[in-house]
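Report on the structure given below.
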Amino acid sequence: RSLAWRLGMLQPPPSAGASGSGCGGTMSAVGHNVLELLQAQQRQLAVLSSRISMLHEEHEALCECLSTCGAVSADRLLAHLHRRRFSAALRRHSPGRLGESLETVMQTRELALLLAARAGLAAAA
């Protein structure tokens, strides 16, 4: 059975128990719209994928140029990239207290866990 049929966008064929409605195997209007939207999305994803591939190729070429001409070594470029990614990860996973020490943050977390454990399920409701 096709994906569209399993999703209910197609009526079951007459042999599968359709009641003589004459619509066996035809797509409903809603199903047709969903299919069109899905196809449009797939086209957009294909375009974006192509653009990402082009940007990746351009990025690689620029990095090679910078390294070859001696402007920036490959190691230095990788180190900068690592620092940027690490900073982004810290921002995403930071408890929001960048100025506080790890000890203070851990004490706060431990206190919250202790309070939650002592309060029990009734306090959570």
Side-chain angles (χ1 to χ4, degrees):
R1 295 181 179 160
S2 71
L3 176 62
W5 189 85
R6 287 191 306 243
L7 293 175
M9 290 185 270
L10 293 177
Q11 299 294 326
S15 62
S19 61
S21 63
C23 298
T26 61
M27 190 176 302
S28 68
V30 172
H32 187 20
N33 288 341
V34 169
L35 187 59
E36 284 180 357
L37 290 172
L38 179 63
Q39 290 170 341
Q41 240 179 5
Q42 287 174 335
R43 286 189 298 273
Q44 289 173 346
L45 285 173
V47 168
L48 289 174
S49 180
S50 175
R51 288 181 183 171
I52 288 171
S53 293
M54 288 173 36
L55 287 171
H56 179 73
E57 186 178 352
E58 290 173 7
H59 165 77
E60 291 293 323
L62 287 171
C63 289
E64 286 177 21
C65 287
L66 288 171
S67 180
T68 302
C69 76
V72 179
S73 71
D75 290 338
R76 189 168 180 198
L77 184 63
L78 289 173
H80 278 276
L81 181 59
H82 173 75
R83 281 195 289 277
R84 290 177 60 87
R85 289 178 176 166
F86 187 74
S87 293
L90 283 178
R91 284 191 304 275
R92 278 193 311 272
H93 301 291
S94 170
R97 303 179 192 103
L98 293 177
E100 294 184 15
S101 69
L102 180 59
E103 181 182 358
T104 304
V105 171
M106 291 306 293
Q107 286 174 353
T108 304
R109 179 174 283 164
E110 287 175 11
L111 179 59
L113 291 173
L114 180 63
L115 286 173
R118 299 282 182 193
L121 291 176

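Numbers for residues simply follow the sequence, beginning at 1.
Applying the side-chain hydrogen bond (donor to acceptor under 3.5 Å, both in side chains) rule to pairs touching residues 33-50 yields H32-E36, sequence neighbours excluded.
Every residue two or more places apart in sequence or in another chain that forms a side chain to side chain contact (heavy atoms under 4.5 Å, CB included) with A88 is listed here: R91, R92. Taking the side chain to side chain donor-acceptor pair (under 3.5 Å) definition, one finds that E60 meets it with nothing, sequence neighbours left out. In this structure, the side chain to side chain contact (heavy atoms under 4.5 Å, CB included) partners of R83, at least two apart in sequence or on a different chain, are A79, H80.
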Could you give the side-chain donor-acceptor pairs of residues 61-77 under 3.5 Å, partners two or more places apart or in another chain?
{"residue": "T68", "atom": "OG1", "partner": "E64", "partner atom": "O", "Å": "2.7"}
{"residue": "S73", "atom": "OG", "partner": "R76", "partner atom": "N", "Å": "3.0"}

